[in-house]
Visitor: 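The structure is given below, and queries will be raised subsequently.
Heavy atoms only: backbone and side chains are in, while hydrogens, waters and symmetry mates are out. Here the structure is a predicted model, which means the values were calculated and not measured.
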Amino acid sequence: MNIEKILQDSIQAALLAEFEVSEPTIALQPTRKDFEGFYTFVVFPYVKALRKSPVEIGNAIGNYVVSNTTVVSTFNVVQGFLNISIADTAWKDTFNHLKSDASFGKLPTKDETVMVEYSSPNTNKPLHLGHLRNNFLGYSVAQILDANGYNVIKANLVNDRGIHICKSMLAYQKFGQNETPASADMKGDHLVGKYYVEFDKHYKVEVEALKAEGLSEDDAKKQAPLMKEAQEMLLKWEQGDEEVVALWQKMNDWVFEGFNQTYETMGVSFDKIYKESNTYLLGKETVEEGLASGVFFQKEDGSVWIDLADEGLDQKLVLRKDGTSVYITQDMGTADLKYKDFGMSKSLYVVGNEQDYHFEVLFKILKKLGRPYAEGCYHLSYGMVDLPSGKMKSREGTVVDADDLMQEMKDTARERTNELGKIDGFTTEEAEELYSTLAMGALKYFLLKVDPKKRMLFNPAESIDFQGNTGPFIQYTHARICSILKKAEGLNINIEDASTYTSLHEVEREIIFALSEYPRKVADAGREYSPALIAQYAYDLAKSYNRLFAELSIFNAESPEAMQFRVQLSKAVGETIKKAMALLGIKVPTRM
RNA sequence: GGUUCCGUAGCUCAGCUGGAUAGAGCAACUGCCUUCUAAGCAGUAGGUCUCAGGUUCGAAUCCUGACGGAAUCACCA
């Protein structure tokens, strides 16, 4: 049993024994730094009812916990705050317990499957900064849920068909001159993206021309020849036109090749890929079913709708009058398919918050349809990554390309590392690997340390930091620890036996406490789907350790016991940092 | 206009199931490398927690309103 639980139980008992108050939950908070003590219990709430002074109540409870537990060494009462100090023996017990737990931080298996769908790119343009946040977030949440004992399926629903793909295809047909990724020396996704931009350029000219002829903006957009051609192409694609399908296949293959390369650099992976070209017809049956059961209704023109007025929402179209699907139709069908494939109890959709409304509607529809999995659906909605100039806009050329950014990060890492002269004794290969590790560590940490729900700012003019509250700071701490452990190995220091070192330094207590908090943080992060909690934790732990590193000597410790203990502590911190960073998808180097 | 989210140090962010004097990092300034990695450590300075009310022993945190910003309200995905 951990210290906090013992304290809570004891305070509960004290309230009952001394004041006949039964309190179901006892909330403890960390004692403010300026006061003596570790945990603080606030007694103000009882003052009125008990008609006793806060000090009186505090002292009574304090005395009770001192004499009825072994974990409390002493206490003090300031105003209405009962500050409790913990005995070093209790900290040592806690540490010995956690360091001998081989699966520390891995929560008990839940025998429950959860799907995390993330990434979900369009195959008409390369990935950008927004996708990086999405991918890192999705991957990290999957790792966190895995540590929480779930069986996790990482899924990617690729949007590989539709009018937007036809735009790239059409532009390629017209202006491509059989260019290939090889001949253009471009990644496939970038090449296809180039033609998407190309389409837009010519399309705009056409629209302007039509507007000059007096058409309204809307009409001009609809009647521009290029748009009409693209729509015809989509129709041909749906009819299985050989030429169109072949072109689609070729260009999609290029894109996938490019994406896979980017995914590899990002360090993310998937257990299941769904392609919209295979699923876009799904959902029509669901519409039939919903019509039959009266969940949906049909208008005179034949279009099918759902009325969500009773849920405080509007009516929503689920099938066009010509019988073709809309976005939400496919999502209904795909939800069924996913459930059929994996039977998961939870299904997370990692999608930007601009789609909040869409998912609210989707989940309400699934509920109305009586889907057994509807309750477990959750939209993990994250905020946009803004630039100082505002939102990224591809038309204005303000998109930060994922491949470019990752490359720049690596260049910065190389530069910094070389400046600091940190690569003595590294082979070229090892050095390159270190640059990547640091670059991705900095980038991932930067994007994950912020609460996912909040929009965040990225300033391309200032490169992402490698100092302070950053990935490399934590990676550096790990490398330092590895260096300590290597030296300890050389000295043959026993790192398994519980040492007899008993009078702990303040920093050492702080670190043991931080370590003991790890499983709880994993649980919190899993419940809130928030890698930011893990990032913050890893940073705090690293910071505490660096303080120890600076303030206390390890190999010149005051006693052999102290040395042995500190090496053990270092090992535990290193392992925990490694685990925490792994939950963020960040690797830690053994030297840097 | 309706709905939802946001507003904390010059900048980027924590803190938000109500608790003590508001927490980090960056940027600025001061110290610390002949002993375990200075991508580090210690310190100084920097705040009307957007504003106004309310709830209470106590509010950055909860409620109401105002102001400012964003997203969404497509037979696009």
Side-chain angles (χ1 to χ4, degrees), chain A residues 25 27 29 31-35 40 42-45 47-48 54 78-81 83 120 122 124 159 161-164 276 280 301 303-305 312-314 316-322 324-331 351-358 360 381 383-384 386 388 390-391 413 416-417 419-420 422 438 442 446 449-451 453-459 462 464-477 479-488 532-533 535-536 539-540 542-543 545-557 563 566-567 570 591-592:
Chain A
T25 51
Q29 51 187 302
T31 302
R32 266 192 89 92
K33 284 273 185 300
D34 334 291
F35 295 95
T40 291
V42 184
V43 300
F44 280 119
V47 171
K48 215 175 209 174
V78 181
Q79 296 169 42
F81 300 92
N83 301 324
S120 311
N122 287 341
N124 63 338
N159 186 356
R161 54 129 251 147
I163 189 74
H164 47 290
E276 221 184 85
Y280 79 104
D301 65 358
S303 57
V304 182
W305 297 71
L313 302 176
D314 282 335
K316 179 88 187 169
L317 178 96
V318 294
L319 198 70
R320 294 193 187 102
K321 63 184 173 198
D322 62 3
T324 56
S325 306
V326 290
Y327 182 30
I328 207 153
T329 324
Q330 298 172 34
D331 269 359
V351 181
N353 62 10
E354 75 268 14
Q355 293 195 35
D356 284 354
Y357 184 70
H358 169 77
E360 194 183 351
S381 161
M384 298 289 101
D386 283 328
K391 200 179 170 181
R416 291 201 62 99
T417 307
E419 263 169 30
L420 292 168
K422 293 270 189 175
L438 294 176
F446 176 81
K449 76 173 176 188
V450 179
D451 183 335
K453 292 191 288 293
K454 293 193 176 168
R455 53 194 301 120
M456 63 181 294
L457 192 88
F458 172 76
N459 189 348
E462 303 166 7
I464 292 173
D465 273 315
F466 282 68
Q467 283 168 6
N469 187 354
T470 65
F473 170 90
I474 301 166
Q475 292 172 316
Y476 176 69
T477 309
R480 276 181 149 182
I481 289 171
C482 288
S483 155
I484 293 286
L485 294 180
K486 200 171 167 194
K487 186 164 176 182
L533 298 178
Q536 188 63 44
Y539 174 64
D540 288 338
K543 215 160 67 133
Y545 184 83
N546 278 326
R547 206 178 124 207
L548 177 142
F549 193 92
E551 287 181 14
L552 302 176
S553 188
I554 294 177
F555 295 109
N556 283 322
M563 174 169 71
R566 282 173 199 158
V567 171
S570 300
R591 54 188 177 139
M592 65 184 270

Visitor: Determine the Euclidean distance between corresponding C1' atoms of C62(B) and G46(B); express it in Å to zero decimal places.
Guide: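 Looking at atom C1' only, G46(B) and C62(B) are 30 Å apart.
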Visitor: In chain order, what residues pass the side chain to side chain donor-acceptor pair (under 3.5 Å) check against N353(A), with sequence neighbours excluded?
Guide: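 Partners of N353(A) by the side chain to side chain donor-acceptor pair (under 3.5 Å) criterion come out as none, since no residue qualifies.
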Visitor: Using a strict threshold of under 4.0 Å (side-chain N to carboxylate O), is an ion pair present between R32(A) and D34(A)?
Guide: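 Yes.
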Visitor: Would you say the base of A39(B) and the side-chain of T417(A) have a donor-acceptor pair closer than 3.5 Å?
Guide: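 In this structure, the two groups form a donor-acceptor pair.
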Visitor: Would you kindly give the CD-to-C1' distance between Q475(A) and U37(B), to the nearest whole Å?
Guide: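 From Q475(A) CD to U37(B) C1': 15 Å.
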Visitor: In whole Å, what is the span from the CZ atom of R547(A) to the P atom of C41(B)?
Guide: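 Atom-to-atom, R547(A) to C41(B), this comes out as 11 Å.
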Visitor: Test of understanding: with ring pair (Phe, Tyr, Trp, His ring centres under 6.0 Å), list the residues that count as partners of H164(A), not counting sequence neighbours.
Guide: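 H164(A) satisfies ring pair (Phe, Tyr, Trp, His ring centres under 6.0 Å) with no other residue.
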Visitor: Please tabulate, one pair per line, each protein N/O and nucleotide N/O from nucleotides 19-23 of chain B that are separated by under 3.5 Å, including the distance.
Guide:
from   : atom 1 : to     : atom 2 : distance (Å)
A20(B) : N6     : T40(A) : OG1    : 2.8
A20(B) : N6     : N83(A) : OD1    : 2.9
A20(B) : N1     : N83(A) : OD1    : 3.4
A20(B) : N1     : N83(A) : ND2    : 3.4
U21(B) : O2'    : R32(A) : NH2    : 2.9
G23(B) : OP1    : R32(A) : NH1    : 2.9
G23(B) : OP1    : R32(A) : NH2    : 3.0

Visitor: So if I take every side-chain heavy atom of E354(A) and compare against U72(B), G40(B), C41(B), which nucleotide ends up nearest?
Guide: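 Side chain of E354(A) sits closest to U72(B).
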Visitor: Which one, C75(B), A77(B), C36(B), comes nearest to the side chain of H164(A)?
Guide: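 So the side chain of H164(A) is nearest to A77(B).
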Visitor: Rounded to whole Å, please give me the gap between CG in D540(A) and P in G15(B).
Guide: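 Distance check: D540(A) CG to G15(B) P gives 11 Å.
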Visitor: Separation of Y545(A) atom OH from C41(B) atom P, in whole Å?
Guide: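 Atom OH in Y545(A) sits about 13 Å away from atom P in C41(B).
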Visitor: Mind checking the C1' distance from A9(B) to G47(B)? Whole angstroms is fine.
Guide: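 Pairwise C1' distance, A9(B) against G47(B), rounds to 6 Å.
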Visitor: Name all residues meeting the ring pair (Phe, Tyr, Trp, His ring centres under 6.0 Å) criterion together with F466(A); count only those two or more places apart in sequence or in a different chain, and write none if there are none.
Guide: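 In terms of ring pair (Phe, Tyr, Trp, His ring centres under 6.0 Å), with neighbours along the sequence ignored, F466(A) is linked to no residue.
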Visitor: Between G162(A) and L533(A), just flag the one whose closest nucleotide in RNA chain B comes earlier from the 5' side.
Guide: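 Closest to the 5' end, via its nearest nucleotide, is L533(A).
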Visitor: Between P on C41(B) and CZ on F549(A), what's the gap in Å once rounded to a whole number?
Guide: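 Roughly 11 Å, once rounded to whole Å.
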Visitor: Grab the CZ-C1' distance between R320(A) and C75(B) for me, whole Å please.
Guide: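 From R320(A) CZ to C75(B) C1': 5 Å.
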Visitor: I want to verify a distance call: between C41(B), C57(B), C76(B), whose nearest atom is closest to the F473(A) side chain?
Guide: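 Within the option list, the nearest is C41(B).
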Visitor: For residues 549-556 of chain A, which side-chain donor-acceptor pairs fall under 3.5 Å, sequence neighbours excluded?
Guide:
from    : atom 1 : to      : atom 2 : distance (Å)
E551(A) : OE2    : R547(A) : NE     : 3.3
S553(A) : OG     : N556(A) : N      : 3.3

Visitor: Using the C1' atom in both, what is the distance from A59(B) to G19(B), to the nearest Å?
Guide: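 Result for the C1' pair: 10 Å, nearest Å.
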Visitor: Among A77(B), A24(B), U37(B), which is the nearest nucleotide to the side chain of V326(A)?
Guide: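 Side chain of V326(A) sits closest to A77(B).
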Visitor: Give the nucleotide from the list A24(B), A14(B), G40(B) with an atom nearest to the side chain of K543(A).
Guide: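 Nucleotide nearest to K543(A)'s side chain: A24(B).
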Visitor: Hey, are the side chains of L313(A) and Y357(A) touching, using non-hydrogen atoms and a 4.5 Å cut-off?
Guide: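 Touching, per the 4.5 Å side-chain cut-off.
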Visitor: For the side chain of M592(A), counting heavy atoms from C-beta on, which of A77(B), C75(B), A39(B) is nearest?
Guide: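 Given the options A77(B), C75(B), A39(B), the side chain of M592(A) is closest to A39(B).
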Visitor: For S120(A), enumerate each residue passing the side-chain contact (heavy atoms from CB on, under 4.5 Å) test, keeping only those at least two apart in sequence or located in another chain.
Guide: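 Checked S120(A) against side-chain contact (heavy atoms from CB on, under 4.5 Å); matches are E117(A), N156(A), L157(A).
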Visitor: Among the nucleotides C13(B), A77(B), C57(B), which one has an atom lying closest to any side-chain atom of Q330(A)?
Guide: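 Taking heavy atoms from C-beta onward, the closest nucleotide is A77(B).
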Visitor: Check whether the side chain of D301(A) and the base of C75(B) form a donor-acceptor pair under 3.5 Å.
Guide: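 In this structure, the two groups form a donor-acceptor pair.
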Visitor: When you measure from the side-chain N and O atoms of K449(A) to the phosphate of A14(B), is any distance below 4.0 Å, counting only OP1 and OP2?
Guide: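 Checking A14(B) against K449(A), no side-chain N or O comes under 4.0 Å of OP1 or OP2.
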Visitor: Expressed in whole Å, how much space separates the P atoms belonging to C26(B) and G69(B)?
Guide: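 Roughly 32 Å separates the two P atoms.
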Visitor: Please list, chain by chain and in numerical order, all residues satisfying side-chain contact (heavy atoms from CB on, under 4.5 Å) with P388(A), sequence neighbours excluded.
Guide: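 Partners of P388(A) by the side-chain contact (heavy atoms from CB on, under 4.5 Å) criterion, ordered by chain and then number, come out as N459(A), P460(A).
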Visitor: Need the glycosidic conformation of C33(B): syn if within 90° of 0, anti if not. Which one?
Guide: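 Here the answer is syn: the torsion falls within 90° of 0.
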Visitor: Which distance, rounded to the nearest 0.5 Å, do you find between the CG of L319(A) and the OG1 of T329(A)?
Guide: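 With rounding to 0.5 Å, CG (L319(A)) is 5.5 Å from OG1 (T329(A)).
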Visitor: Kindly say if Y327(A) contacts the phosphate of A77(B), meaning a side-chain N or O under 4.0 Å from OP1 or OP2.
Guide: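 So the side chain of Y327(A) is outside the cut-off, no N or O lying under 4.0 Å from OP1 or OP2 of A77(B).
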Visitor: Closest approach to the side chain of Q355(A), judged atom by atom: which nucleotide of A39(B), A14(B), A77(B) is it?
Guide: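 Minimum distance to the Q355(A) side chain belongs to A77(B).
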Visitor: Looking only at atom C1', what distance separates A52(B) and G31(B), rounded to whole Å?
Guide: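 Going atom to atom, C1' in each nucleotide, I get 46 Å.
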Visitor: For atom P, what is the distance between A14(B) and C29(B), given to the nearest Å?
Guide: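 Straight-line distance between the two P atoms is 28 Å.
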Visitor: Assess the residue pair M592(A) and K422(A) against the criterion (side-chain contact (heavy atoms from CB on, under 4.5 Å)); give the C-alpha distance rounded to whole Å, side-chain angles, the decisive distance to 0.1 Å, and a yes or no.
Guide: CA-CA 6 Å; M592(A) 65 184 270; K422(A) 293 270 189 175; 5.7 Å; no
Visitor: Can you check whether S483(A) has a side-chain N or O nearer than 4.0 Å to OP1 or OP2 of C36(B)?
Guide: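 No, S483(A) has no side-chain N/O under 4.0 Å of OP1/OP2 on C36(B).
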Visitor: Apply side chain to side chain donor-acceptor pair (under 3.5 Å) to T470(A) and list each qualifying residue two or more places apart in sequence or on a separate chain.
Guide: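 None.
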Visitor: Say whether, by atom type as modelled, one donor and one acceptor occur between the side chain of T477(A) and the main chain of F473(A) under 3.5 angstrom.
Guide: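 Present.
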Visitor: For every nucleotide of nucleotides 2-11 of chain B, 5' to 3': is a protein heavy atom under 4.0 Å from its base (B), only from its sugar-phosphate (S), or from neither (-)?
Guide: -----S----
Visitor: Would you please test T40(A) and F35(A) for side-chain contact (heavy atoms from CB on, under 4.5 Å) and show each step?
Guide: CA-CA 10 Å; T40(A) 291; F35(A) 295 95; over 6 Å; no
Visitor: Looking only at atom types and distance, does a side-chain atom of T324(A) sit under 3.5 Å from a main-chain N or O of R320(A), one as donor and one as acceptor?
Guide: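 Answer holds: no.
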Visitor: Determine yes or no for a side-chain-to-main-chain donor-acceptor pair under 3.5 angstrom, with K449(A) supplying the side chain and N469(A) the backbone.
Guide: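 It does hold such a pair.
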Visitor: Grab the CG-C1' distance between N546(A) and A24(B) for me, whole Å please.
Guide: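 My rounded result for the distance is 14 Å.
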Visitor: Could you spell out the base pairing of RNA chain B in dot-bracket, with Watson-Crick or G-U pairs whose two distances are under 3.5 Å, [ ] crossing and | to another strand?
Guide: (((((((..((((.....[...)))).(((((.......))))).....(((((..]....))))))))))))....
Visitor: Quickly work out the L319(A) CG to C76(B) C1' distance and round it to whole Å.
Guide: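 In whole Å, C76(B) C1' and L319(A) CG are 16 Å from each other.
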Visitor: How are the rings of Y327(A) and H358(A) set relative to one another: parallel (under 30°), tilted (30 to 60°) or perpendicular (over 60°)?
Guide: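 Taking H358(A) first and then Y327(A), their aromatic rings lie parallel (interplane angle under 30°).
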Visitor: Could you check which of A77(B), U37(B), U72(B) has an atom nearest any side-chain atom of A479(A)?
Guide: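 Shortest atom-to-atom distance from the side chain points to U37(B).
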Visitor: Taking side-chain contact (heavy atoms from CB on, under 4.5 Å) as the definition, give me every residue that meets it alongside K321(A), ordered by chain and number, with sequence neighbours left out.
Guide: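 Checked K321(A) against side-chain contact (heavy atoms from CB on, under 4.5 Å); matches are D301(A), S303(A).
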Visitor: When you compare the protein's N or O atoms with those of nucleotides 27-30 of chain B, which come within less than 3.5 Å of each other, and at what distance?
Guide:
none

